Amino acid sequence: MPLVLELRGITKAFPGVLANDHIDLTLEEGEIHALLGENGAGKSTLMNILYGLYQPDEGQIFLRPRNRSAIPASAASRDGLVEVKIHSPNDAIAQGIGMVHQHFMLVPPLTVAENVMLGLESTRGGIFLDQRAAAQRIREISQQYGLEVDPDAYVRDLPVGVQQRVEIIKLLYREADILILDEPTAVLTPQEVDRLFSTIKNLVKQGKSIIFITHKLREVMEIADRITVLRNGRVVGTTTPAQTTPAELAAMMVGRQVDLVVHKESLTPGEVVLEVKDLQVLDDRQHLAVNGVSFEVREREILGIAGVQGNGQTELVEALTGLRPVIAGEIRILGTPVTNANPRQILEKGVAHVPEDRQRDGLVLSRPVHDNLVLCTYYLPPFAKGINIQEDTIIATASRLVEEFDVRTPSVFVPASTLSGGNQQKVIVAREFSRPVKLIIAAQPTRGLDVGSIEYIHQRILQKRSEGTAVLLVSPELDEIIALSDRIAVMYRGRIMDIVPAKGVNREYLGLLMAGVEASEAAKVAPPTIGVEEVERVF
Amino acid sequence: MGEERKGTASTQTVTRGKQPATGAKKERGILIPPAWQTLLLPVLAVFTGLVIGAIVIVITDAAVVATYRNFFRAPGTALAATWHTIATAYGALLYGSLGNPREVYEGMRLYLSTGDNTLFLRAIWPITESLVAATPYIFGGLAVALGFRCGLFNIGAEGQLGIGALAAAWVGYSITNLPALIHLPLALLAGALGGAIWAAIPGYLKAKTGAHEVVNTIMMNWISFRLSDWLLNGPMKAPGYRPITPNIEPTAALPRFFPPPIRFHAGFFLALIVAGIVYWFLFKTTLGFEIRTVGANPDAARYAGMSITRSIMLAMVLSGALAGLAGTSQVLGVDHWVGQGFTAGYGFDSIALALLGKSHPFGVVLASLLFGTLRSGATRMQSLAGIPIDIISIIQGLVIVFIAAPAIIRWLYRIRVERAEEVVLTRGWGK
């Protein structure tokens, strides 16, 4: 297949970091090229350069010209490619390069058609928007590429998977030939992922080329034609799924052998620590988000709550930690009712909470690391005497925790905002796990972290389990749930569909439950448990 | 980089300074550590304010502008006239606010040799006036700064200040035959309480219903203005035709240290002590820890089990109490009575002071000293150099603009931002 894009020697330095170090990359027509790497490996920088958001310090970009006759004779030309300079996203789009960002760039109160035509409005007589023409064009695109969407629907009413389709249509409407998809599966259900993959295959069949940015090995193995692995801003290698294995890819990504399997001690659960009965909780829009949930978590046990994001997990965790009112049902911790207790009362019962949104809830980013390490205990001795804060004690304790939990920070005095995501999470884990806790509620504890941090946090959670702590683990990453949990509960639309033992669980069965199939129906299609399956850690 | 990269992959931190969009290879400008920038930026803001103030002085002076008509024939005349005008204006400002060191020295020598202090007192009068003007500013600035620390914008300092002044005046004149040792603290307390109550109302509404404090404190300002009009024309009116309160008893007055006309009073030292207390409260106590956490990130505060309601109430009440003390210090220390229009914008200036002082108690003290100096020097500048007092308002306004928009100052002086921050290129929704 002919080349459509070549990056040669792309280098980009930021103060203190060489984000891209002489990166070479080629893209063929009709190819799905996966860009694999950890957070901070330089994937996003490279794509932002290609998309015109950054200018490279060195290196060249060669593109197949949109109009072949327009190749100037003098232009540096190779394999029919010409060198281009991309100064802005507008330039990129004009050259046929489009990007779907991880966080969508849509305007929720506008319709699909309005969103798609935004910035490229078709008009009648110069001032009147010609929505009909746009809608017609969108229908044609939908048809051609199998991207089902109603042009007149409001974006705010659409599920995330469909919103992503709108983003792709936006690019096709602008006649992009090269589509950059930045972590496109991060927000999707397993079904939506399948759907997206078939869309992607459809697109390449019709001559589009895709750059697929991800850190998930499974997806790369499934969809990519070629895989380029980045580490520390450099290309480690380019390969194809047929020539490699997940373990090899992981080693390329991380730079050392990675244990893809979580080793878990087998323990006998003890007393019930957390007991939830018929819990009902409303979300922000006053809809029933948690609808009659019951479960219990015991000492030395990890209960994993699986499910696609937005099925009431967030509200459940908030209710358990006192951040959201409970409208019906009961929560008991070690036998004491704590329904609608305030967060402090619950913390003082020995509950550690690793919040889902670590930057919003878990940290005060503008404040020094040492203050963040005592955020929940600052008022207790030895950190306070009466109302007087004991700064020296806090700093000493913080320094010890930073050491003990391997938080990489220049000192405990720098603001938490200066730490990397993994180290920010370690600050939270250090704070929460160093208290005398009976129950850990961990919501997406490894989201967006690098492999080292993920391994570390998994290990700390398992260590707490061994010490006798009960753990409630909430995560949309099925692999993480299966790897860590003793039992797995699947949540769908505020209900728990089933709770099954994690050992030898059938992934297909869980997938059906996550899609809302009743347990009895799902069991007919796929047995809840099969033989012991090797579970891969997710990155 | 090799050295820094040792260890596991978890050490990778992709933090980036801001890059110019054009991708210049080398960033231009001076790199100054953030700690110094917090000090340097206000200083440069003041400096720039003075420079632009000078330009305004020059172009509003018809005589100087006239010399520029002949600029090409006699550039020296024009430049000399310009320099003369600026030097006269700012010289008078400096002289009027700080006095003349030589006069102070001469006065001191005369006093020590002959015991005659008239010259000495005359020499220190300007600087004492500056401190007198700074006193309510310190209290007011602290009030707004404390609110800012909790994420509250207390625009109501003006009203709280007026109510505090009235309360202090009332205790000051209506209670008689008390020893000063009781009467003065009582009057101070009343002033603080008046301001506190006035701020507690919007504080309560904010904490309990989420009603925005900006709107409610502004409303409370209007209520306080009309309330004081009524009080000064009715219940609290002194005998006579002017709408003012009676004079306070001498036992309620803040002591002065020099014979008249020097008005320097103990309120200045009280303000410094209160600034120290506010510092201790904000940075050394659990309550301050909570207030600052609520201000910086209310979600994290709630997560950590702090009571946001309590912090907001507490911050608002204390802010009001400090604003009340601003009015009180002026009544008990300087005026000894309250008349219409007493607040005179002190409360609004306080917002500027809190901004200039970066909401830090010590920063507020420095900012207040500066503004006090400008205010009292301006009077002298008007009489000596004929420069309208309003020029000071212009300079103050400019300083605030530069403080509020530090990017202007950074650009003007080519100071680079080197905040380690993750570049956020895309901020979408739909998580």
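Each chain gets a letter, A, B and so on, in the order its sequence line appears, and its residues count up from 1. None of these values were measured; they are calculated from a predicted model.
With a 4.5 Å cut-off on non-hydrogen atoms, T321(A) does not touch chain B at all. Contacts of D361(A) with chain B are made by both backbone and side-chain atoms, with heavy-atom separations under 4.5 Å. Looking at E432(A), the atoms closer than 4.5 Å to chain B (heavy atoms on both sides) all sit in the side chain, from C-beta outward. Interface residue L347(A): only side-chain heavy atoms are found under 4.5 Å from chain B. Proximity to chain A (any heavy atom under 4.5 Å) is restricted, for F283(B), to the backbone atoms N, CA, C and O. Heavy atoms closer than 4.5 Å to chain B are found in both the backbone and the side chain of D371(A).
Crowding of R435(A) atom CZ: a count of heavy atoms from other residues, nucleotides or ligands under 6.0 Å exceeding 12. Heavy-atom neighbours of K358(B) NZ from other residues, nucleotides or ligands within 6.0 Å: above the threshold of 12.
Put simply, the side chain of R302(B) gets close to the backbone of L323(A): a donor and an acceptor are under 3.5 Å apart. A donor-acceptor contact shorter than 3.5 Å is absent between the side chain of Y379(A) and the backbone of M306(B).
Here the straight-line distance linking atom CG of L363(A) with atom CG of D299(B) works out to 12.0 Å at 0.5 Å rounding. Expressed to the nearest 0.5 Å, how far CH2 of W280(B) lies from CD1 of I389(A) amounts to 11.0 Å. Interatomic distance, T286(B) OG1 to K385(A) NZ, rounded to the nearest 0.5 Å: 14.0 Å.
Note on G362(A), P355(A), A384(A): by heavy-atom pairs under 4.5 Å with chain B, the leading option is P355(A).
Under the 30°/60° scheme for interplanar angles, the aromatic rings of H353(A) and Y303(B) are found to be tilted.
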Criterion side chain to side chain contact (heavy atoms under 4.5 Å, CB included) on T293(B) and L375(A), from CA distance to verdict: CA-CA 9 Å; T293(B) 306; L375(A) 202 60; 4.0 Å; yes
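Between P343(A) and G305(B) the shortest heavy-atom distance is CB-CA, 3.9 Å.
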